Amino acid sequence: MENTIGLEIIEVVEQAAIASAKWMGKGEKNIADQVAVEAMRERMNKIQMRGRIVIGEGERDDAPMLYIGEEVGICTREDAKNFCKPDELVEIDIAVDPCEGTNLVAYGQPGSMAVLAISEKGGLFAAPDFYMKKLAAPPAAKGKVDINKSATENLKIISECLGRSIEELVVIVMKRERHNDLIKEIREAGARVQLISDGDVGAALSCGFSGTNVHALMGIGAAPEGVISAAAMRALGGHFQGQLIYDPAVVKTGLIGESKEANIDRLTSMGITDPDKVYDAHELASGETVLFAACGITSGNLMQGVRFFHGGARTQSLVISTQSKTARFVDTIHMAEQPKVIQLH
Ligand code: VTB
């Protein structure tokens, strides 16, 4: 899988990031998202693959493109057998978030990215559009921290695993009212909190690398993005756990319906019989091969954002693969026209 589409998925996230970055700082989050979706879809449909969106912009009725169930790639065509190789005809599942952190782009804030994860059919958990309680931690703490433990206990474990004091740890938490108690607890435990307004995929990813000065992600974000984060952490060997949050009273955003009971029914109809199950990275991204790709829209901990210059743009992407066991940072100069000078720094 990696051999056939590895390089091309870099271009998919790059194109989405470039399109979205043109709307950076313009206060138009929906447009920043929409152009990323269009660019991602257009580039994806040029790849010799047979893909199906399992996590996307929503159900077909609400999302005109990259909706759940949409088929993407050249080998989805009826006559694909005539021009696609047998391995390209094998169905693959794709989870996308063309503009993760739409507010970050709209307001020119750091940490937004275009992301996707790919696996073989059935290899990515088709998460409902609910919330997810998340815990991400560095590889050294994998399987040792636990979402069922308190933040205080987990911080103690991370500090032991990393050989540093709790005071030296940084935990990313999204600034939301629902996290007030959590933030208080982390501070009382002695750790430092980095509050972010949006973009917890980048936060989870930061835990997978040393040198980012991020040692944990805690709190509740969106469930579909949890699967994308899990795919990255699975490939990086970092810790990730997620638990669905289906009670509207917990998040109070008005985005997941009005009743807990109705949401439980929806989960049951999706085949989720234990709504409180804690999923680890291997369950959320269970495929044998998992590929993750991201490209910075605005600069973050791991990737620089899109920088435009006369006649082109420069991007930084990251591709992580369970197959080749690599995390590749890819620095690309896109030359829309022949540039007068290629900027090296
Ligand atoms: C967003 C977004 C995150 O979760 O806030 C969202 O910034 C859900 O939280 O990156 P709210 O509804 O409270 O805003 C993410 O999309 C991903 O988990």
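Order of appearance sets the numbers: ligands from 1, and atoms from 1 within every ligand. Predicted, not measured: the structure shown is a model, and the values here were computed from it.
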| said: Going by side-chain contact (heavy atoms from CB on, under 4.5 Å), Leu66 matches just one of Asp97, Leu116, Ile55, Val96. Which one? | reply: Val96

Enumerate, atom names and distances included, each donor-acceptor pair closer than 3.5 Å involving a side-chain atom of residues 106-114, sequence neighbours excluded.
{"from": "Gln109", "atom 1": "NE2", "to": "Tyr107", "atom 2": "O", "distance (Å)": "3.1"}
{"from": "Ser112", "atom 1": "OG", "to": "Thr298", "atom 2": "N", "distance (Å)": "3.0"}
{"from": "Ser112", "atom 1": "OG", "to": "Thr298", "atom 2": "OG1", "distance (Å)": "2.6"}

Please report, to 0.1 Å, the donor-acceptor pairs under 3.5 Å made by any side chain of residues 230-250, with sequence neighbours excluded.
{"from": "Arg234", "atom 1": "NH1", "to": "Ala285", "atom 2": "O", "distance (Å)": "2.6"}
{"from": "Arg234", "atom 1": "NH1", "to": "Gly287", "atom 2": "O", "distance (Å)": "2.7"}
{"from": "Arg234", "atom 1": "NH2", "to": "Gly287", "atom 2": "O", "distance (Å)": "3.1"}
{"from": "His239", "atom 1": "ND1", "to": "Gly143", "atom 2": "N", "distance (Å)": "3.0"}
{"from": "His239", "atom 1": "NE2", "to": "Gln241", "atom 2": "OE1", "distance (Å)": "2.9"}
{"from": "Gln241", "atom 1": "OE1", "to": "Ile147", "atom 2": "N", "distance (Å)": "2.8"}
{"from": "Gln241", "atom 1": "NE2", "to": "Asp146", "atom 2": "OD1", "distance (Å)": "3.4"}
{"from": "Gln243", "atom 1": "NE2", "to": "Asp276", "atom 2": "O", "distance (Å)": "2.7"}
{"from": "Tyr246", "atom 1": "OH", "to": "Asp276", "atom 2": "OD1", "distance (Å)": "2.8"}
{"from": "Tyr246", "atom 1": "OH", "to": "Asp276", "atom 2": "OD2", "distance (Å)": "3.4"}
{"from": "Asp247", "atom 1": "OD1", "to": "Ala249", "atom 2": "N", "distance (Å)": "3.0"}

Identify every side-chain donor-acceptor pair in residues 203-219 under 3.5 Å, counting partners at least two apart or on other chains, and give the distances.
{"from": "Ser206", "atom 1": "OG", "to": "Gly202", "atom 2": "O", "distance (Å)": "2.9"}
{"from": "Ser206", "atom 1": "OG", "to": "Asn301", "atom 2": "ND2", "distance (Å)": "3.1"}
{"from": "Thr212", "atom 1": "OG1", "to": "Ser206", "atom 2": "O", "distance (Å)": "2.7"}
{"from": "Thr212", "atom 1": "OG1", "to": "Phe209", "atom 2": "O", "distance (Å)": "3.2"}
{"from": "Thr212", "atom 1": "OG1", "to": "Val214", "atom 2": "N", "distance (Å)": "3.4"}
{"from": "His215", "atom 1": "ND1", "to": "Val170", "atom 2": "N", "distance (Å)": "2.8"}
{"from": "His215", "atom 1": "NE2", "to": "Arg164", "atom 2": "NH1", "distance (Å)": "3.3"}

| request: Return yes when atom NZ of Lys277 has more than 12 non-hydrogen atoms of other residues, nucleotides or ligands closer than 6.0 Å, and no otherwise. | output: yes

| field | Check: Ser165 main-chain N/O paired with Glu168 side-chain donor or acceptor under 3.5 Å | value | yes

| message | Strictly under 4.0 angstrom, heavy-atom based: which residues surround ligand 1? | response | Glu100, Tyr131, Lys134, Met174, Arg176, Arg178, Asp198, Gly199, Asp200, Gly221, Ala222, Glu225, Thr253, Leu255

